[in-house]
Amino acid sequence: MKIIKANSYIPVSSEPFEMPVPSRLELYYSNILLCVYIISEDGTVDFTYNINTDIPILTPVHRKLKIDDIYFLIRSRIFPDNPYTSPAELKRLELQQYDPYRILMRTHGILPGDSYWIRPADEDIDYAGAVEMYRDYYVLTPEQRAEKYKFRNNSEAEDYAPASFDGIESFLGM
């Protein structure tokens, strides 16, 4: 009896793509901060990693990182660009074209099978919130998502609040 073993790998590119710089990205495993990447305007990368965990960090820690390492990290945390699955995934994410950075911002780099994820340092969200947003792209319609996240921007919520008070005051006859 002969056993055929085969492994297939999906190559991950480190080709450049548009990304806002300077940027600060945080790599997490569930709610454990693993690494903070600081990408400067000139493309240099500085990072700090959590030495108090044995969870593997997805980038090298024993050498200076290059911008190619960040491109590779981001591309490795999103779906690959291929003609069979990309159109459906882009439609689901409400994107017109394959843009690795924008895909990362929508999916937080969440992939089935592990608990790694990435967020911009200025975003206030935890793992449960990121997973919920990721799932919403697969469960909710675009209209349902728009309604659910309509007050995500605080200024919109503040604009809505005074109008609500006016309605309450008139209802109460004040």
Side-chain angles (χ1 to χ4, degrees), residues 5-139 145 149 152-154:
K5 293 183 180 181
N7 289 320
S8 62
Y9 300 96
I10 298 172
V12 177
S13 169
S14 63
E15 289 182 35
F17 52 82
E18 281 192 43
M19 186 172 81
V21 288
S23 283
R24 186 178 164 135
L25 300 173
E26 299 173 343
L27 172 67
Y28 284 85
Y29 186 88
S30 190
N31 283 321
I32 300 169
L33 178 62
L34 297 179
C35 193
V36 176
Y37 304 97
I38 301 165
I39 302 109
S40 66
E41 290 178 7
D42 64 359
T44 57
V45 179
D46 192 16
F47 69 100
T48 305
Y49 64 95
N50 183 351
I51 62 170
N52 298 317
T53 182
D54 59 353
I55 300 169
I57 295 171
L58 302 177
T59 53
V61 294
H62 301 298
R63 67 169 171 82
K64 187 168 178 61
L65 294 181
K66 299 180 248 177
I67 191 68
D68 290 348
D69 295 312
I70 300 302
Y71 293 141
F72 181 85
L73 172 66
I74 291 172
R75 285 184 188 268
S76 71
R77 299 305 303 171
I78 62 173
F79 59 88
D81 187 14
N82 76 50
Y84 303 108
T85 59
S86 291
E89 292 294 325
L90 292 173
K91 183 177 181 181
R92 181 176 284 127
L93 295 174
E94 301 174 13
L95 295 173
Q96 301 301 315
Q97 62 187 16
Y98 190 84
D99 179 339
Y101 186 79
R102 291 185 67 203
I103 293 169
L104 178 76
M105 293 299 101
R106 301 263 170 109
T107 65
H108 289 94
I110 294 172
L111 295 174
D114 67 36
S115 297
Y116 288 100
W117 64 291
I118 300 170
R119 76 172 192 191
D122 61 349
E123 186 176 26
D124 186 25
I125 191 170
D126 64 2
Y127 182 62
V131 168
E132 180 180 0
M133 289 176 67
Y134 176 80
R135 285 185 186 149
D136 285 349
Y137 279 107
Y138 290 88
V139 179
R145 273 195 312 278
Y149 295 105
R152 194 162 177 211
N153 181 347
N154 287 340

Asks: Taking the side chain as every heavy atom from C-beta outward, state whether W117 and V131 have any pair of such atoms under 4.5 Å apart.
Replies: no

Asks: Does T107 reach the main-chain N or O of I103 with its side chain, forming a donor-acceptor pair under 3.5 Å?
Replies: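 Here the side-chain-to-backbone pair exists.
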
Asks: Taking all heavy atoms of D126 and all of G129, pick out the closest pair and write down the distance.
Replies: OD1-N, 2.9 Å

Asks: Output every pair passing salt bridge (charged side-chain N to carboxylate O under 4.0 Å, His left out) with a member in residues 43-65, not counting sequence neighbours, ordered by first then second residue.
Replies: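 Matches after skipping sequence neighbours: R63-D69.
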
Asks: Distance check, rounded to the nearest 0.5 Å: D122 atom CG versus L25 atom CG?
Replies: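 Output value for this atom pair is 9.5 Å.
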
Asks: Would you say CZ of R135 has more than 12 non-hydrogen atoms from neighbouring residues, nucleotides or ligands within 6.0 angstrom?
Replies: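 Count not over threshold, so no.
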
Asks: Under a 4.5 Å cut-off applied to non-hydrogen side-chain atoms, are L104 and M19 in contact?
Replies: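 Not touching, per the 4.5 Å side-chain cut-off.
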
Asks: When rounded to the nearest 0.5 angstrom, what distance separates CD1 in I118 from CZ in R77?
Replies: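 Output value for this atom pair is 6.5 Å.
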
Asks: Of the non-hydrogen atoms in D42 and T44, which two are nearest, and what is the gap between them?
Replies: OD1-OG1, 2.9 Å

Asks: Calculate, to the nearest 0.5 Å, the distance between atoms OG1 and CD1 belonging to T59 and I70 respectively.
Replies: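 One finds 6.5 Å between OG1 of T59 and CD1 of I70.
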
Asks: With no hydrogens and no angle check, is any side-chain donor or acceptor of S86 less than 3.5 Å from a backbone partner on P83?
Replies: no

Asks: So which heavy atom on P16 is nearest to which on R75, and how close?
Replies: O-NH2, 3.9 Å

Asks: At their closest point, which heavy atom of L27 faces which heavy atom of I57, and how far apart are they?
Replies: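 Smallest heavy-atom distance, with atoms named: CD2-CG2, 4.1 Å.
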
Asks: Any side chain to side chain donor-acceptor pair (under 3.5 Å) involving residues 93-105? Give me the pairs, sequence neighbours left out, ordered by first then second residue.
Replies: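 Qualifying pairs, neighbours excluded: E94-R145.
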
Asks: Is any side-chain heavy atom of E89 closer than 4.5 Å to a side-chain heavy atom of Y138?
Replies: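 They are in contact (side-chain heavy atoms under 4.5 Å apart), so the answer is yes.
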
Asks: Calculate, to the nearest 0.5 Å, the distance between atoms SG and CG belonging to C35 and L65 respectively.
Replies: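 Between atom SG of C35 and atom CG of L65 there are 7.0 Å.
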
Asks: Does a side-chain heavy-atom distance below 4.5 Å link Y28 with H108?
Replies: no

Asks: What are the two closest heavy atoms between Y137 and R92, and how far apart are they?
Replies: O-CG, 2.8 Å

Asks: What's the separation between atom CG in L58 and atom CG in L34, rounded to the nearest 0.5 Å?
Replies: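 Here the interatomic distance stands at 7.5 Å.
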
Asks: How far apart are the closest heavy atoms of Y134 and I110, and which atoms are they?
Replies: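 Looks like CE1-O, 3.6 Å.
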
Asks: Please state whether the rings of F47 and Y49 are parallel, tilted or perpendicular, taking 30° and 60° as the class boundaries.
Replies: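 Because their plane-to-plane angle is under 30°, the rings of F47 and Y49 count as parallel.
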
Asks: Are side-chain N/O atoms of Y29 and T53 paired as donor and acceptor at under 3.5 Å?
Replies: no

Asks: Measuring from atom CD1 of I67 to atom OG of S14, what distance do you get when rounded to the nearest 0.5 angstrom?
Replies: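 Between I67 CD1 and S14 OG, I get 10.5 Å after rounding to 0.5 Å.
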
